[in-house]
Amino acid sequence: DQIGDAAKKLGDASYDFAKEVDWNNGVFLQAPGSFQPLKALKAIDKMIEMGAAADPELLKKAADAHHKAIGSISGPNGVTSRADWDAVNAALGRVVASVPKQKVMDVYDAVKDITDPKVPAYMKSLVNGADAEKAYQGFLEFKDVVAANQVTTASAAATVPTGDKIGTAAKALSDASYPFIKDIDWLSDVYLKPLPGKTAPEALKAIDKMIVMGSKMDGNLLKAAAEAHHKAIGSIDAKGVTSPEDYEAVNAALGRIVASVPKQTVMDVYNSMAKIVDSSVTNNMFSKVNPLDALSAAKGFYTFKDVVEAVQ
Ligand code: DGD
Ligand code: CLA
Ligand code: PID
Ligand code: PID
Ligand code: PID
Ligand code: PID
Ligand code: PID
Ligand code: PID
């Protein structure tokens with residue numbers, strides 16, 4: 001297709017730049033400017049809306065392309081192969097083309113709003129500047145091909161199951177865990193801190209398992225989960241906490257996407273996360289909330305998971 005061909009030209013223009021970026025640099029975990037959690041949440045909300053509007057099949061293919069690209073990483077900078085670099089760009093270009101232009105621009109504008117204007121120049125200072133300019137020129141040509149293949153109307157909303165066992169169980173889980181949710185400091189910057197003693201390649205291994213799980217999920221249910229998060233963001237209070245109803249809808253939606261993949265795929269995520277999150281992290285989280293509320297939430301989760309497993 002045209003986007004695939006254009007991605008090859010983009011690769012010609014940008015792979016030198018890709019090789020020069022230190023993908024293992026811890027700076028990419030930081031906020032791209034001053035820490036503004038509510039504005040950042042707004043930007044993520046725009047990404048969620050864009051994701052929910054995208055073609056689910058193209059999203060899955062894009063996830064697969066990333067998984068494959070992780071497998072061809074080489075060298076100290078963590079760069080993927082030329083062929084996989086092109087395949088990722090092509091897959092993301094197709095995702096972008098599957099949503100109306102305005103949804104893409106809304107993401108750009110919202111991310112711009114939390115990005116310090118000095119950030120692009122700083123990024124450029126870490127690589128060969130001429131290669132960055134060549135890459136950007138390539139992006140400008142690529143985006144014209146994407147725009148020429150772009151849809152003009154959004155896809156239909158997801159169908160949300162009703163009266164299912166997971167929906168019923170989500171009510172009980174939400175009742176048991178909402179007090180805990182209210183105890184958590186959602187606006188803290190602790191969640192952007194590096195995991196103690198872990199390197200980027202180690203963290204990437206766990207992310208890879210999530211990407212694989214995402215690519216196996218039922219596309220309609222994944223879309224429904226994105227829509228539920230978007231709705232929940234719309235009802236947050238000043239401390240970032242969503243309403244009990246929207247919280248319940250998020251739990252139900254997540255239970256359903258978990259049930260749509262094989263158990264082992266879920267356990268692969270859990271086991272790989274357990275390798276990078278040591279008990280100092282969980283204990284620190286636990287120390288900041290009411291312990292009885294946390295225990296009630298945990299009990300609710302372990303009951304909920306049996307219902308999910310039964311329909312998995
Ligand atoms: C950039 C963009 C990269 C900056 C990286 C910041 C992104 C941080 C994302 C954090 C999000 C949080 C998610 C994580 C949450 C974790 C939860 C625990 O360097 C601009 C200005 C605005 C920049 C900020 C907006 C960036 C938006 C990027 C996409 C958003 C998606 C991000 C998703 C993140 C998550 C993914 C899953 O656009 O951009 C560089 C540009 O900066 C440079 O400016 C451009 C001008 O816009 C353009 O008009 C033009 O002037 C151009 O062109 C210069 O510069 C000139 C000529 O005109 C060209 O013809 C050509 O010759 C060129 O020069 C060659 O040099
Ligand atoms: Mg990504 C984007 C890393 C998995 C879907 N992703 C980005 C970039 C960053 C990144 C490179 C955001 C920061 C930025 O804009 O830099 N993703 C990244 C990693 C992983 C991952 C490390 C781990 C596996 N992503 C992942 C998965 C999905 C996505 C699983 C779902 C399928 N990701 C996704 C989307 C988008 C990203 C939809 C974006 O739109 C965003 C992005 O790239 O926006 C431009 C700048 C970008 C780069 C350095 C890489 C692109 C290089 C272009 C083609 C040429 C360079 C131009 C110029 C020099 C800089 C960019 C300017 C900008 C205005 C365009
Ligand atoms: C400028 C000036 C003009 C010239 C110009 C110009 C540039 C405009 C630009 C630009 C626009 C632009 C847009 C970009 C958009 C990037 C969008 C990224 C979206 C990320 C998402 C993440 C996610 C997911 C995901 C799916 C999940 C939901 C999420 C489900 C259902 C300034 C050059 C025209 C770069 C969507 C993918 C996993 C949230 O206009 O003179 O330069 O860049 O998890 O959804 O699972
Ligand atoms: C524009 C203007 C509107 C019209 C429009 C428009 C277009 C927007 C577009 C577009 C946005 C867009 C985004 C793309 C992003 C591509 C990002 C590629 C990333 C590739 C990576 C590869 C890799 C790896 C990996 C992880 C490793 C690092 C690597 C570590 C830690 C402008 C059409 C709406 C194409 C990250 C995955 C293995 C490098 O908005 O008017 O057209 O395209 O090895 O991580 O090692
Ligand atoms: C300039 C002027 C214009 C011309 C121009 C220009 C240059 C702009 C540039 C540039 C922008 C730019 C951006 C780059 C962005 C790279 C983003 C990489 C993201 C990598 C991540 C990696 C990671 C992980 C991971 C999970 C870990 C955390 C991490 C945990 C819990 C100035 C040329 C346009 C290079 C996200 C995945 C392993 C961080 O604009 O005239 O030159 O470069 O380790 O999670 O540990
Ligand atoms: C233990 C001991 C036994 C008793 C026991 C026990 C506990 C086991 C547990 C547990 C397992 C477990 C699993 C959990 C899994 C969480 C998985 C999260 C996945 C996240 C993903 C994120 C993503 C996306 C997304 C889609 C994108 C890709 C991504 C596309 C196509 C120890 C109780 C049995 C909690 C997938 C969603 C946006 C990456 O066994 O005695 O306690 O918890 O962006 O994909 O867009
Ligand atoms: C298990 C054992 C195997 C069998 C199995 C199994 C089950 C795994 C499961 C499962 C995993 C799982 C995960 C669930 C997670 C639910 C998470 C809910 C989150 C809700 C949030 C709501 C909100 C917001 C929001 C953003 C705001 C904060 C809030 C800010 C900054 C165990 C079956 C495989 C159900 C976060 C979105 C508005 C609070 O693996 O043997 O069954 O379920 O307002 O952010 O303000
Ligand atoms: C213990 C002992 C057992 C019993 C037990 C127990 C407790 C465990 C616990 C606990 C675990 C736990 C975990 C918690 C996790 C909360 C995660 C919140 C994430 C929030 C985020 C928010 C954000 C943003 C956002 C984007 C911004 C960055 C942020 C940018 C660029 C010990 C009870 C089981 C509470 C990610 C979205 C706005 C950070 O196990 O016997 O009690 O709690 O602002 O992006 O700015």
Side-chain angles (χ1 to χ4, degrees), residues 17-18 20-33 37-38 40-41 43-48 51 78 104 107-137 139-140 166 169-170 173-174 177 181-182 184 186-188 191-195 198-208 228-237 239-243 246-247 249-259 261-267 269-270 276-277 301-302 304-312:
F17 164 76
E20 287 156 13
V21 173
D22 177 10
W23 298 95
N24 293 322
N25 192 331
V27 75
F28 301 127
L29 192 57
Q30 287 175 35
L38 289 171
L41 184 64
I44 292 186
D45 189 33
K46 292 300 177 192
M47 292 183 218
I48 293 172
V104 185
V107 173
Y108 176 83
D109 292 338
V111 174
K112 185 174 178 165
D113 204 36
I114 56 164
T115 304
D116 188 300
K118 294 191 204 80
V119 166
Y122 174 68
M123 292 300 172
K124 188 181 174 190
S125 77
L126 301 176
V127 298
N128 177 321
D131 288 339
E133 282 163 25
K134 192 173 65 163
Y136 183 71
Q137 191 56 49
F139 171 77
L140 290 181
I166 291 178
L173 166 60
S174 305
S177 58
I181 291 297
K182 283 198 286 188
I184 297 169
W186 294 99
L187 306 182
S188 165
Y191 313 110
L192 282 182
K193 299 287 174 223
L195 292 167
K198 298 303 172 220
T199 64
E202 286 170 322
L204 187 64
K205 270 198 187 121
I207 307 255
D208 186 34
H229 279 81
H230 168 60
K231 180 154 188 291
I233 290 168
S235 74
I236 59 167
D237 63 19
K239 293 168 72 192
V241 178
T242 189
S243 71
D246 288 343
Y247 174 60
V250 168
N251 277 322
L254 293 180
R256 290 181 193 118
I257 58 176
V258 170
V261 304
K263 172 176 164 177
Q264 192 52 50
T265 308
V266 185
M267 290 308 295
V269 173
Y270 176 84
I276 58 166
V277 179
F301 173 74
Y302 293 125
F304 181 72
K305 71 116 171 65
D306 291 335
V307 179
V308 171
E309 188 166 11
V311 300
Q312 197 165 27

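In listed order, ligands and their atoms are each counted from 1. Each residue takes its place number in the sequence, starting with 1.
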Which residue owns the protein heavy atom closest to [atom], what's the atom, and how far is it?
{"atom": "atom 18 (C) of ligand 7", "value": "Asn251 OD1, 3.3 Å"}
{"atom": "atom 26 (C) of ligand 5", "value": "Ile207 CD1, 4.0 Å"}
{"atom": "atom 37 (C) of ligand 7", "value": "His229 CD2, 4.0 Å"}
{"atom": "atom 6 (C) of ligand 5", "value": "Lys124 CD, 4.2 Å"}
{"atom": "atom 11 (C) of ligand 5", "value": "Met123 CB, 3.7 Å"}
{"atom": "atom 4 (C) of ligand 5", "value": "Glu133 CG, 4.4 Å"}
{"atom": "atom 8 (C) of ligand 5", "value": "Pro120 O, 3.6 Å"}
{"atom": "atom 1 (C) of ligand 7", "value": "Lys305 CD, 3.8 Å"}
{"atom": "atom 46 (O) of ligand 5", "value": "Ala203 CB, 3.5 Å"}
{"atom": "atom 23 (C) of ligand 5", "value": "Trp23 O, 4.4 Å"}
{"atom": "atom 22 (C) of ligand 7", "value": "Tyr247 CD1, 4.0 Å"}
{"atom": "atom 36 (C) of ligand 7", "value": "Trp186 CH2, 4.1 Å"}
{"atom": "atom 41 (O) of ligand 7", "value": "Lys263 CE, 3.2 Å"}
{"atom": "atom 16 (C) of ligand 5", "value": "Phe28 CE2, 3.5 Å"}
{"atom": "atom 19 (C) of ligand 7", "value": "Val250 CG1, 4.0 Å"}
{"atom": "atom 5 (C) of ligand 7", "value": "Gln312 OE1, 4.0 Å"}

With heavy-atom distances below 4.5 Å as the criterion, would you say the side chains of [X] and [Y] are in contact?
{"X": "Val241", "Y": "Ile181", "result": "yes"}
{"X": "Phe28", "Y": "Met123", "result": "yes"}
{"X": "Val258", "Y": "Phe304", "result": "no"}
{"X": "Leu38", "Y": "Ile236", "result": "yes"}
{"X": "His229", "Y": "Val250", "result": "yes"}
{"X": "Val104", "Y": "Tyr108", "result": "no"}
{"X": "Gln312", "Y": "Glu309", "result": "yes"}

Can you list the ligand 7 atoms lying under 4.0 Å from a non-hydrogen atom of [X]?
{"X": "Glu309", "value": "4 (C), 33 (C), 41 (O)"}
{"X": "Ile236", "value": "38 (C), 44 (O)"}
{"X": "Ile233", "value": "38 (C)"}
{"X": "Ala232", "value": "38 (C)"}
{"X": "Val308", "value": "33 (C), 42 (O)"}

Q.
Using a 3.5 Å cut-off on N or O atoms only, is Thr242 in polar contact with ligand 7?
A. yes
Q) Are any of the N or O atoms of Gly240 closer than 3.5 Å to those of ligand 7? A) yes
Q) Using a heavy-atom cut-off of under 4.0 Å, does the side chain or the backbone of Phe301 touch ligand 7, or both, or neither? A) side chain
Q) Where does Tyr302 meet ligand 7, judged by heavy-atom distances below 4.0 Å: at the side chain, the backbone, both, or neither? A) neither
Q: Compare every heavy atom of Val107 with every heavy atom of Lys46, then report the nearest pair and how far apart it is.
A: O-CG2, 3.5 Å
Q.
Minimum heavy-atom separation for Ala43 and Ile114, please, with both atom names.
A. CB-CD1, 4.4 Å
Q: Applying side chain to side chain contact (heavy atoms under 4.5 Å, CB included), run through Asp45 and His230 and close with a yes or a no.
A: CA-CA 6 Å; Asp45 189 33; His230 168 60; 2.7 Å; yes
Taking 4.0 angstrom as the limit and counting only heavy atoms of [X], give me the atoms of ligand 5 inside it, by number and element.
{"X": "Ala132", "value": "33 (C), 42 (O)"}
{"X": "Leu29", "value": "28 (C), 39 (C)"}
{"X": "Ala121", "value": "32 (C)"}

Q | Test side chain to side chain contact (heavy atoms under 4.5 Å, CB included) applied to Gln264 and Met267, step by step | A | CA-CA 5 Å; Gln264 192 52 50; Met267 290 308 295; 4.1 Å; yes
Q: Using modelled atom types only, decide if a donor and an acceptor are shared between the side chain of Ser235 and the backbone of Ser243 within a distance under 3.5 Å.
A: yes
(Q) Go through it in stages, so that I can follow the logic: the residues are Thr199 and Asn24, the test is side chain to side chain contact (heavy atoms under 4.5 Å, CB included), and I'd like the CA-CA distance, side-chain angles, deciding distance and then a yes or no. (A) CA-CA 8 Å; Thr199 64; Asn24 293 322; over 6 Å; no
Q. Under the side chain to side chain contact (heavy atoms under 4.5 Å, CB included) criterion, do Lys124 and Glu133 qualify, and how do the steps go?
A. CA-CA 9 Å; Lys124 188 181 174 190; Glu133 282 163 25; 2.4 Å; yes
Q | Candidate with minimal heavy-atom separation from atom 14 (C) of ligand 7, of Leu254, Asp306, Val269 | A | Leu254
Q.
In the complex you have, is atom 29 (C) of ligand 5 within reach of the protein, judged by whether a heavy-atom distance drops under 4.0 Å?
A. no
Can you list every pair where an N/O of ligand 1 is under 3.5 Å from an N/O on the protein?
{"unit_1": "ligand 1", "atom_1": "38 (O)", "unit_2": "Tyr108", "atom_2": "OH", "d": "2.5"}
{"unit_1": "ligand 1", "atom_1": "62 (O)", "unit_2": "Gln137", "atom_2": "OE1", "d": "3.1"}

(Q) I'd like to know whether NZ of Lys231 has more than 12 heavy-atom contacts from other residues, nucleotides or ligands below 6.0 angstrom. (A) no
